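First the proteins, then the strands, lettered A, B, ... as listed; each starts at 1. Note that this is a predicted model, so its numbers are computed, not measured.
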There are 2 protein chains.
Amino acid sequence: MSTAELPDTQRVNPGTATAAQGRVIAAALDLFARHGVGGTSLQMIADELGVTKAAVYRQYKTKEQIALAVADAELARMEATIDDAEEEQSWAGARERLLINMVNLAVERRQTVGVILMDPGIARLAPKNASFRRVMGRMRRLLLGNEPGPDGAVRTAMVIAAISGAAVHPLAFDLDDDTLRAQLLPLAKRFLDLT
Amino acid sequence: MSTAELPDTQRVNPGTATAAQGRVIAAALDLFARHGVGGTSLQMIADELGVTKAAVYRQYKTKEQIALAVADAELARMEATIDDAEEEQSWAGARERLLINMVNLAVERRQTVGVILMDPGIARLAPKNASFRRVMGRMRRLLLGNEPGPDGAVRTAMVIAAISGAAVHPLAFDLDDDTLRAQLLPLAKRFLDLT
DNA sequence: GTCTATAGCTCGATAGAC
DNA sequence: GTCTATCGAGCTATAGAC
């Protein structure tokens, strides 16, 4: 499979995130995951970075821009796993690799994954966002081929929700990463009838 | 199956929620779903009810107590669907009815379901909460029998996450309730090998 | 059980020096 | 790019009258 080359304006990250902005995003992501977007103040972000609020405002003009940048970064992480999977030659191989990548991403970042994209403020914007729709469309095509209609949409949503949701779920709280990974992958595969 | 009688202290709702408290909970749930817990102020809840903040504080002494009461009410709703399912005579029947109830609950309350229990502040408390653990344990037993170990925990978490997560997912945003229900139920069944 | 009024604080955001 | 200092608004929570 060939990685489709997209015009720069369509890519998730236009490639202009400075190092300072990256630190803000990382700190904000962590705090958003612990307290929610609405429960996180700019003062908390500044404290986490060891700077003042004014220094944070130098990087992003509003709190909303920070939230959007964080969501964008998360989306870019997901798209990177799609790019990686599409390097496989066969569709079956790409599909399997995407599942592996999704499971790894969900487990490695249990505390943060989805928290941003699930946030009410962000989630309301998601369906109309071009980047989000593109990423979801690529995932769906990789997971299900070109199976059309609502069935495909719901199945894709269920696989994504099952993997990332189960990783965050309190029921999986006690499990160590390796065990969780070992359980998630075969179950996700079976859901897609890969086994 | 017999509905296990539990001592009152172990039940989710000790049964002492006044009508006024119920109105606060309903308004708060709606606002939490739209703006997140941290993004909802007591002023917003009071406005939604057409009263002043002081009137709300008469029902609950802190905002945190409101959030906990809302989470408790959501949990009680889930437990009610378990009680209903356990009225079936056979385990297979109870399992099927629980799945139907879960799908219906998730679809009917797409906008609100999970939003509370997913909130970082609430979710952090969940694993240690006795009511939460009891509800999850009952679900797991109904869905999987007594299948032990981490496999059972992860499978239970995946089913729950898949159903409620897919219902909220932007990919399912355009679908009407009937279509969504019709897609969710068979897929959830298949995931549990019921078909 | 609802109101007005207010205390005390933190919020997001800006101005301007270095 | 970081700081201090500040603004006005909004926040949680309380006091006390009706």
Hey, could you give me each pair passing side chain to side chain donor-acceptor pair (under 3.5 Å) that has a residue in residues 39-60 of chain A? Not counting sequence neighbours.
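Residue pairs passing side chain to side chain donor-acceptor pair (under 3.5 Å), neighbours aside: A:Gln43-A:Asp47.
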
Here the side chain to side chain donor-acceptor pair (under 3.5 Å) pairs for residues 150-167 of chain A, sequence neighbours left out, are A:Glu147-A:Arg155

Separation of D:dT4 atom P from A:Tyr57 atom OH, nearest Å, is 17 Å

B:Ile66 atom CD1 is separated from D:dC11 atom P, nearest whole Å, by 14 Å

By side-chain hydrogen bond (donor to acceptor under 3.5 Å, both in side chains), which residues pair with [X], not counting sequence neighbours?
X        : value
A:Gln183 : none
A:Asn129 : none
B:Arg181 : B:Asp178
A:Glu108 : none

Ranking A:Ala54 and B:Arg23 by the position along DNA chain C of their nearest nucleotide, the one closer to 5' is B:Arg23

Review point. Which residue lies toward the 5' end of DNA chain C, B:Ala20 or A:Lys63, if each is placed at its nearest nucleotide?
Key: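 This one resolves to B:Ala20.
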
Writing each nucleotide of DNA chain C 5' to 3' as (, ), [, ], | or . by Watson-Crick or G-U pairing under 3.5 Å yields ||||||||||||||||||

Chain A contact limits on DNA chain C, taken 5' to 3' with a cut-off of 4.0 angstrom to heavy atoms: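 Footprint of chain A along DNA chain C, 5' to 3': C:dC11 to C:dA15.
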
Which heavy atom in A:Phe191 sits nearest to a heavy atom in A:Val159, and how many Å separate them?
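Shortest heavy-atom contact: CD2-CG2, 3.2 Å.
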
Hits for salt bridge (charged side-chain N to carboxylate O under 4.0 Å, His left out) against B:Arg141, two or more places apart or cross-chain, chain-then-number order -> none

- Item | B:Leu68: side chain to side chain contact (heavy atoms under 4.5 Å, CB included) partners, not counting sequence neighbours |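 Counting only residues at least two positions away or on another chain, B:Leu68 forms a side chain to side chain contact (heavy atoms under 4.5 Å, CB included) with B:Glu64, B:Ile122, B:Leu125.
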
Can you list the residues that meet the side chain to side chain contact (heavy atoms under 4.5 Å, CB included) rule with A:Ala161, with sequence neighbours excluded?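 A:Ala161 satisfies side chain to side chain contact (heavy atoms under 4.5 Å, CB included) with no residue once adjacent residues are dropped.
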
The correct set of residues in residues 35-52 of chain A placing a heavy atom under 4.0 Å from DNA chain C is A:Thr40, A:Ser41, A:Leu42, A:Gln43

